[in-house]
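Here's the structure, in structure tokens; my notes come after.
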Amino acid sequence: MIFTIETVSENETFEAGKRTALKAKPGDIYCLDGDLGAGKTVFAKGFAEGLGIKEPVTSPTFTIIKEYPEGRLPLYHFDVYRIGDPSEMEAIGYEEYFFGEGVCLVEWSELIEELIPESAVNITIERELEKGNDFRVISIDREGIL
Ligand code: ADP
Ligand code: MG
């Protein structure tokens, strides 16, 4: 089953991320997919705040991963947009993060689909331009999270 919510501002997407984090458990992996500018990083920022992370969260596009250890659970924020091949994930040592005690957020997970565990939560953010520039539909394959 897919559950959806609609947001009409950056802040509403941020708040959805924050709510999601309140329910996060050690070892959770949240995949964040959707086009460039959809709002994946906005969601991630809200998620970080929900974990109690004070450090500013920035897009890890060039570093692939950023770690935020200070919150209720360690957060590993991935953006795999620039991964040329899933084997580059091995070099980063992704398994330590995916199968560790922290929480992983993975922007552009579709690019490394074969590495994503079955148990991961899938979140997709889509625009509907006819409903305006700031309208987004956020879909998730789990009940009671968003
Ligand atoms: P992504 O990480 O998916 O590439 P970002 O989160 O970096 O995208 O950027 C999303 C952009 O869209 C931001 O500039 C944000 O202000 C804007 N925006 C407008 N409406 C929304 C909304 N409803 N939810 C999230 N972002 C929105
Ligand atoms: Mg991003």
Side-chain angles (χ1 to χ4, degrees), residues 1-24 27-98 100 102-117 120-146:
M1 276 269 269
I2 303 290
F3 302 86
T4 65
I5 62 161
E6 297 174 351
T7 68
V8 295
S9 67
E10 171 174 342
N11 189 248
E12 283 186 15
T13 298
F14 183 95
E15 289 297 325
K18 201 169 155 181
R19 287 195 300 276
T20 302
L22 299 181
K23 295 171 187 148
D28 280 352
I29 300 176
Y30 297 85
C31 296
L32 287 170
D33 289 281
D35 293 341
L36 214 56
K40 301 180 293 298
T41 300
V42 167
F43 187 95
K45 287 178 178 182
F47 193 97
E49 185 167 296
L51 286 181
I53 292 162
K54 300 276 188 316
E55 190 185 333
V57 171
T58 54
S59 180
T61 305
F62 293 97
T63 53
I64 310 292
I65 177 176
K66 281 193 185 163
E67 304 187 31
Y68 300 90
E70 61 168 307
R72 176 173 71 81
L73 297 166
L75 173 64
Y76 307 115
H77 182 198
F78 290 78
D79 180 338
V80 301
Y81 188 65
R82 283 175 195 276
I83 286 269
D85 185 279
S87 67
E88 290 173 35
M89 288 292 285
E90 312 268 355
I92 293 166
Y94 79 95
E95 287 138 311
E96 290 245 10
Y97 305 109
F98 277 20
V103 176
C104 293
L105 286 183
V106 188
E107 296 193 35
W108 292 101
S109 78
E110 64 191 75
L111 300 177
I112 55 160
E113 207 180 349
E114 57 264 61
L115 303 181
I116 302 291
V121 179
N122 293 293
I123 298 170
T124 305
I125 310 180
E126 289 161 305
R127 289 196 180 87
E128 277 178 33
L129 279 178
E130 64 278 14
K131 296 199 174 155
N133 248 338
D134 295 346
F135 182 88
R136 303 288 190 275
V137 178
I138 309 180
S139 310
I140 189 164
D141 61 355
R142 232 38 76 90
E143 192 170 14
I145 288 188
L146 282 175

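In listed order, ligands and their atoms are each counted from 1. From a predicted model like this one, the values you see are computed outputs, not experimental measurements.
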Just to confirm, does any protein heavy atom lie below 4.0 Å from atom 14 (O) of ligand 1? no
Note on the Mg ion (ligand 2): protein N/O/S atoms within less than 2.8 Å are T41 OG1, E107 OE1
If we count only N and O atoms by modelled type, under 3.5 Å, do the side chains of T61 and D79 hold a donor and an acceptor together? yes
Counting only pairs under 3.5 Å, give me each side-chain donor-acceptor contact of residues 10-17, with atom names and distances, residues two or more places apart or in other chains.
{"unit_1": "E12", "atom_1": "OE1", "unit_2": "V8", "atom_2": "N", "d": "3.1"}
{"unit_1": "T13", "atom_1": "OG1", "unit_2": "T7", "atom_2": "OG1", "d": "2.8"}

Output all residues satisfying side chain to side chain contact (heavy atoms under 4.5 Å, CB included) with K23, sequence neighbours left out; order by chain, then residue number. none
Write out the residue and atom name of the closest protein heavy atom to atom 11 (C) of ligand 1, then the distance separating them to 0.1 Å. G37 O, 3.6 Å
What protein heavy atom is closest to atom 7 (O) of ligand 1, reported as residue, atom name and distance in Å? T41 CB, 3.7 Å
So which of T58, I125, D134 gets nearest to atom 19 (C) of ligand 1, if we judge by its closest heavy atom? D134
Going by the closest heavy atom to atom 12 (O) of ligand 1, which one wins out of E12, R136, E6? R136
Is D35 close enough to touch ligand 1? Criterion: a residue heavy atom under 4.0 Å from a ligand atom. yes
Are G34 and ligand 1 in contact, using a heavy-atom cut-off of under 4.0 Å? no
Can you confirm whether [X] is buried at [atom1], in the sense that more than 12 heavy atoms of other residues, nucleotides or ligands lie under 6.0 Å from that atom?
X    : atom1 : answer
Y81  : OH    : no
E96  : CD    : no
N133 : CG    : no

With sequence neighbours excluded, residues passing ring pair (Phe, Tyr, Trp, His ring centres under 6.0 Å) with Y94: F98
Does S9 approach ligand 1 within less than 4.0 angstrom via side chain, backbone, both or neither, non-hydrogen atoms only? backbone
Do the rings of Y97 and F78 sit parallel, tilted or perpendicular, given the 30° and 60° boundaries? perpendicular
